[in-house]
Structures are given as C-alpha cells and as structure tokens.
Amino acid sequence: MTTLDEHIRTYLQAIKIEGKTEKTIASYENSLRDFQRTGERLGFPEDPAAFTVQHVYAFLAALRERGASAGYQHRRHREVKTCFSWLKRMGIVEENVFAKVPLVKRPHLVKPPFSPDDVRTLLESQDVGSLTGARNYALILFLLDTGVRASECIGLDLADIDWERRRAFIRHAKGEKQRWVGFSERTDAALRRYVHGFRRGGDGSLFQTSRHQRMLSAGTLEVLLRRIWEDSGVKKVHPHRFRHTFATRACRAEPRPPAGDGPPRP
C-alpha cells in the first residue's frame, strides 16, 4: 500500500511540474506536513482512502485547540482539500472527504486605504536629497500608481522600465503571468531623480538597498516600509496597503496612465 506520505511527495512534485510558484508549493507543503503531524498524533490512517469526515473535523478541532486563527484554519483546510481533490482525480480515493466540510469562515476586515494626508505625510518625511530618501520617495509613488505586489516590485529591473511610455514590465507576477503597469509623470520624475542621481550602474534591480544591492525577498521591502512608517508616523505602511489604495482609486475611476501590451524591446 502506498502511504499518505508518498502520495503527498508525488502531489508536491506534480504541482511543481504543473507550474505552481515556489511560494505556493511551500505553502501547500507546510499545510500537508502540518496535517501529517496532527494525524500521527491523533492516530489517523496511513491510507488516504480510509479517511472520513470525522478525521477532517478532528484535524480542524486540533488546529482550533492550539489557538490557530480562522484564516490559518481556512488555509490549512483549503490546501489539504486541494490535495485530496488531486487524489480523487488520480483514482486513489473515491471521494474527497475534505470537500464535504465547509471551509472555516474568515473575518472580513475592512482595510482602509491611505488618505491624501497620509500620502502627503509619507512623501514629506523623505529627504529627496539623499539616496534612501530619493529611493523611498520614488518607491512610495510607484507603489501607489501601480498596485504591484512586494515580490513584483523587488523583481523589477531597470531594463523593465519603458521611460518613453511611462510604464514597467512585470515579468514575475503571480501565476507566472506577465503584464505592463503604467505610472504618472510625477512618479516618472521621482524615478528619474533616483536612478540618475543616486542609483549606480545601468542594469540590475530598479529599487536597490542603500548598499546598491538587490532586495533578496519581499521581507526586505517590508522592513524598508516599516522604517518609513517609523519616520513618518503614518501607521501600517506595508505593501498590501499600497495595493489596496491603488485598487480603491481604480474603483473610483481615478485616472492612471495606460499600460499597453507586449514585452519591452531589447
């Protein structure tokens, strides 16, 4: 009999081949290993076909007992359920017992966008005559104009900027999709001031550390934004809030530059 552990290893290999991102694969692996550890403690069967709805509820109850948030429970349930859907598709189990149990409801929290006063305070807190200030000023405007994710922002190279059309090419978007994002004249001017006045070299990442190096992870950008938070006094300065502000402005039909199509020409 093929064990659950062996099926999980095959499943993780399958989603990698299917093109899931490393971040997604890591999340699924964490959920499935958590499920395995909990199952070993509670005496779950090794054969996936022997699982019942009672095992699903026992797993969810164990998560709740150890103080896991509703969002954490929701993610674990959803990602294990997706694995069991694959097991069903492969003919390993007859039914997906996880699909029979409703997902834990996550609280819907309203995340306020930055107000015009917040944006003004953020920008005024930066000394554009310094490397970090010019970079941060340009970064704030760029995030507000484009709504890019943290990983997309740090993945941008200088060569991805189309200065003539005021747009940036996002090569490594979620789901391995690519797209153009436009930015305003004000952002264009801030980027040019940073690039031509402080950034070294004509290649490499667009936004660099104060040591002129690429930001290695989204966490680096989050730390940088937290420092802006501390300098400005504006609370909750993080990538997703910029993205939410961008989306709010878009819903209000506030104008933004056209993005266009196709990759940048060499």
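Numbering of residues begins at 1 and proceeds along the displayed sequence. Note that the structure is a prediction, hence the values are computed from the model and not measured. Hydrogens, waters and symmetry mates play no part in the numbers below; they use all other heavy atoms, side chains included.
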K.L.:
Less than 4.5 Å apart, any side-chain heavy atom of Leu63 and any of Tyr72?
P.N.:
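Touching, per the 4.5 Å side-chain cut-off.
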K.L.:
Pair Glu124, Thr121 - check side-chain hydrogen bond (donor to acceptor under 3.5 Å, both in side chains), show working.
P.N.:
CA-CA 5 Å; Glu124 289 177 354; Thr121 300; 5.4 Å; no
K.L.:
Okay, side chain of Asp34, backbone of Asn30: is any donor-acceptor separation there less than 3.5 Å?
P.N.:
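No, Asp34 side chain to Asn30 backbone: no donor-acceptor pair under 3.5 Å.
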K.L.:
The criterion is ring-ring contact (aromatic ring centres under 6.0 Å, His included); which residues satisfy it with His7, sequence neighbours excluded?
P.N.:
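For His7 there are no ring-ring contact (aromatic ring centres under 6.0 Å, His included) partners, ignoring immediate neighbours.
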K.L.:
Near Glu18 CD, under 6.0 Å, is it more than 12 heavy atoms from other residues, nucleotides or ligands?
P.N.:
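Yes, enclosed.
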K.L.:
Given side chains that start at C-beta, do those of Ile140 and Phe242 come closer than 4.5 Å, heavy atoms only?
P.N.:
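Heavy-atom side-chain distance check passes, below 4.5 Å.
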K.L.:
Have Thr10 and Gln13 got a donor and an acceptor in their side chains that come within less than 3.5 Å?
P.N.:
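Judged by distance alone, the side chains do not pair up.
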K.L.:
When you measure from the centre of the six-membered ring of Phe114, is the NZ or CZ of Arg241 closer than 6.0 Å and no more than 45° off the axis?
P.N.:
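Yes - Arg241 lies over the ring of Phe114, closer than 6.0 Å to its centre and within 45° of its axis.
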K.L.:
Indicate if Leu32 and Val97 have the same hydrophobic cluster label, given that clusters are the connected sets of ILVMFWY residues with side-chain heavy-atom separations under 4.5 angstrom.
P.N.:
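Cluster IDs for Leu32 and Val97 match.
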K.L.:
Does the side chain of Asn136 reach to within under 4.5 Å of the side chain of Leu224, using non-hydrogen atoms?
P.N.:
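The answer is yes, as the side chains (C-beta and beyond) meet within the 4.5 Å cut-off.
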K.L.:
Between Val237 and Trp229, what is the shortest heavy-atom contact and its length?
P.N.:
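Closest approach of Val237 to Trp229, heavy atoms only: N-CE3, 3.6 Å.
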K.L.:
Using the rule that two of Ile, Leu, Val, Met, Phe, Trp, Tyr join whenever any of their side-chain heavy atoms come within less than 4.5 Å, decide whether Ile92 and Val53 are in one cluster.
P.N.:
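Same cluster: Ile92 reaches Val53 through Ile, Leu, Val, Met, Phe, Trp or Tyr contacts under 4.5 Å.
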K.L.:
Examine Tyr194 together with Tyr137 and report whether their ring centres are nearer than 6.0 Å.
P.N.:
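No: the rings miss the under 6.0 Å criterion.
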K.L.:
Please walk me through it: do Leu4 and Asp47 pass side-chain contact (heavy atoms from CB on, under 4.5 Å)?
P.N.:
CA-CA 6 Å; Leu4 178 62; Asp47 182 4; over 6 Å; no
K.L.:
Hey, does Arg37 have a side-chain heavy atom less than 4.5 Å from the side chain of Arg33?
P.N.:
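Touching, per the 4.5 Å side-chain cut-off.
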K.L.:
Could you give the distance from CD (Glu65) to OG1 (Thr38), rounded to the nearest 0.5 Å?
P.N.:
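The OG1 atom of Thr38 is 10.5 Å from CD of Glu65, to the nearest 0.5 Å.
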K.L.:
What's the verdict on side-chain contact (heavy atoms from CB on, under 4.5 Å) for Val101 and Lys81, showing C-alpha distance, side-chain angles and the deciding distance?
P.N.:
CA-CA 10 Å; Val101 178; Lys81 182 179 77 169; over 6 Å; no
K.L.:
Quick check on Arg64: does its CZ atom have over 12 non-hydrogen neighbours (other residues, nucleotides or ligands) under 6.0 Å away?
P.N.:
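Count not over threshold, so no.
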K.L.:
Are the side chains of Leu144 and Phe246 in touch, meaning some heavy atoms are under 4.5 Å apart?
P.N.:
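With C-beta onward as the side chain, the pair stays apart.
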K.L.:
Should Val80 and Val104 be regarded as members of a common hydrophobic cluster, given that ILVMFWY residues are connected when their side-chain heavy atoms come within less than 4.5 Å of each other, either directly or indirectly?
P.N.:
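No, no single cluster joins them.
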K.L.:
Just verifying a value: how many Å separate Cys83 SG and Leu12 CG, rounded to the nearest 0.5 Å?
P.N.:
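Going from the SG atom of Cys83 to the CG atom of Leu12 covers 7.5 Å.
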K.L.:
For Ile154 and Ser205: C-alpha separation, side-chain torsions, deciding distance, then whether side-chain contact (heavy atoms from CB on, under 4.5 Å) applies.
P.N.:
CA-CA 7 Å; Ile154 66 169; Ser205 57; over 6 Å; no
K.L.:
Are Ile8 and Gln36 close enough that some pair of their side-chain heavy atoms sits under 4.5 Å apart?
P.N.:
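A side-chain contact under 4.5 Å exists here.
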K.L.:
I'd like to know if the side chain of Asp160 reaches the main chain of Asp157, judged simply by a donor and an acceptor atom lying under 3.5 Å from each other, with no hydrogens or angles considered.
P.N.:
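Yes, because the side chain of Asp160 sits within donor-acceptor range (under 3.5 Å) of the backbone of Asp157.
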K.L.:
Restricting to non-hydrogen atoms, name the atom on Arg76 and the atom on Ser27 that form the minimum distance, rounded to 0.1 Å.
P.N.:
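Where Arg76 meets Ser27 most closely, the heavy atoms are NH1-O, 4.4 Å.
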K.L.:
Are there more than 12 heavy atoms of other residues, nucleotides or ligands under 6.0 Å from atom CZ of Arg226?
P.N.:
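Incorrect, the count does not exceed 12.
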K.L.:
Which heavy-atom pair separates Leu42 from Ala58 by the least distance, and what is that distance?
P.N.:
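Smallest interatomic distance, heavy atoms only, reads CD1-O, 3.9 Å.
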K.L.:
Does the pair Glu95 and Lys100 meet the rule for a salt bridge (Lys or Arg N to Asp or Glu O under 4.0 Å), with working shown?
P.N.:
CA-CA 9 Å; Glu95 61 179 355; Lys100 291 186 172 184; 2.9 Å; yes
K.L.:
As a quick check of understanding, evaluate salt bridge (Lys or Arg N to Asp or Glu O under 4.0 Å) for Arg179 and Glu152, giving each step before the final call.
P.N.:
CA-CA 11 Å; Arg179 71 183 189 283; Glu152 296 169 346; 2.9 Å; yes
K.L.:
Once rounded to the nearest 0.5 Å, what's the spacing between atom NE2 of His77 and atom CD of Gln73?
P.N.:
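Those atoms lie 10.5 Å apart.
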K.L.:
The criterion is side-chain contact (heavy atoms from CB on, under 4.5 Å); which residues satisfy it with His74, sequence neighbours excluded?
P.N.:
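Partners of His74 under the side-chain contact (heavy atoms from CB on, under 4.5 Å) test: Arg78, Leu103, Arg106.
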K.L.:
Side-chain contact test, heavy atoms from C-beta onward, threshold under 4.5 Å: evaluate it for Trp163 versus Val195 and give yes or no.
P.N.:
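Counting from C-beta outward, Trp163 and Val195 do come under 4.5 Å.
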K.L.:
Taking all atoms of both residues into account, what is the closest heavy-atom pair of Asp203 and Leu158, and its distance?
P.N.:
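Result for this residue pair: N-CD2, 4.4 Å.
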K.L.:
Strictly by modelled atom types, are Thr248 and Thr245 linked by a side-chain donor-acceptor pair under 3.5 Å?
P.N.:
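Thr245 and Thr248 do not have a side-chain donor-acceptor pair below 3.5 Å.
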K.L.:
How long is the span from the CG atom in Leu191 to the CG atom in Leu141, to the nearest 0.5 Å?
P.N.:
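So the gap between those two atoms works out to 8.0 Å.
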K.L.:
Please walk me through it: do Gln126 and Ile228 pass side-chain contact (heavy atoms from CB on, under 4.5 Å)?
P.N.:
CA-CA 8 Å; Gln126 301 305 308; Ile228 294 176; 3.9 Å; yes
K.L.:
Calculate, to the nearest 0.5 Å, the distance between atoms CG and NE2 belonging to Leu143 and His240 respectively.
P.N.:
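So the CG of Leu143 and the NE2 of His240 are separated by 13.0 Å.
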K.L.:
Locate the shortest heavy-atom distance separating Leu87 from Pro48; write the atom from each residue and the value.
P.N.:
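Residues Leu87 and Pro48, closest heavy atoms: CD1-CB, 4.0 Å.
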K.L.:
Would you say Ser31's side chain and Tyr28's backbone share a donor-acceptor pair under 3.5 angstrom?
P.N.:
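Side chain of Ser31 to backbone of Tyr28, a donor-acceptor pair under 3.5 Å: no, none is there.
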K.L.:
Step by step, work out the salt bridge (Lys or Arg N to Asp or Glu O under 4.0 Å) result for Arg166 and Asp162.
P.N.:
CA-CA 6 Å; Arg166 296 203 313 273; Asp162 181 344; over 6 Å; no
K.L.:
How long is the gap from OG on Ser69 to CZ on Arg75, to the nearest 0.5 Å?
P.N.:
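Answer rounded to 0.5 Å: 7.5 Å.
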K.L.:
Can you pull out every ring pair (Phe, Tyr, Trp, His ring centres under 6.0 Å) where at least one residue sits in residues 37-60? Sequence neighbours excluded, please.
P.N.:
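Qualifying pairs: Phe35-Phe51, Phe35-Phe59, Phe44-Phe51, Phe44-His55, Phe51-His55, Phe51-Phe84.
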K.L.:
Closer than 3.5 angstrom, by distance alone: can the side chain of Arg199 be matched with the main-chain N or O of Gln208 as a donor-acceptor pair?
P.N.:
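The answer is no, because no donor-acceptor pair under 3.5 Å joins these two groups.
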K.L.:
With a 4.5 Å limit on heavy-atom distance, are the side chains of Phe169 and Gln178 in contact?
P.N.:
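Of all side-chain heavy-atom pairs linking Gln178 with Phe169, at least one is under 4.5 Å.
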K.L.:
Among the clusters formed by ILVMFWY side chains lying less than 4.5 Å apart, do Val223 and Leu139 turn up in the same one?
P.N.:
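No, Val223 does not connect to Leu139 through the hydrophobic network.
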K.L.:
So, for Thr209 and Met215, which heavy atoms are closest and what is the spacing to 0.1 Å?
P.N.:
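So the two residues come closest at CG2-CG, 4.1 Å.
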K.L.:
Please determine whether a side-chain nitrogen of the Lys or Arg among Arg227 and Asp231 lies less than 4.0 Å from a carboxylate oxygen of the Asp or Glu.
P.N.:
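Looking at Asp231 together with Arg227, the answer is no, because their closest N to O distance does not fall below 4.0 Å.
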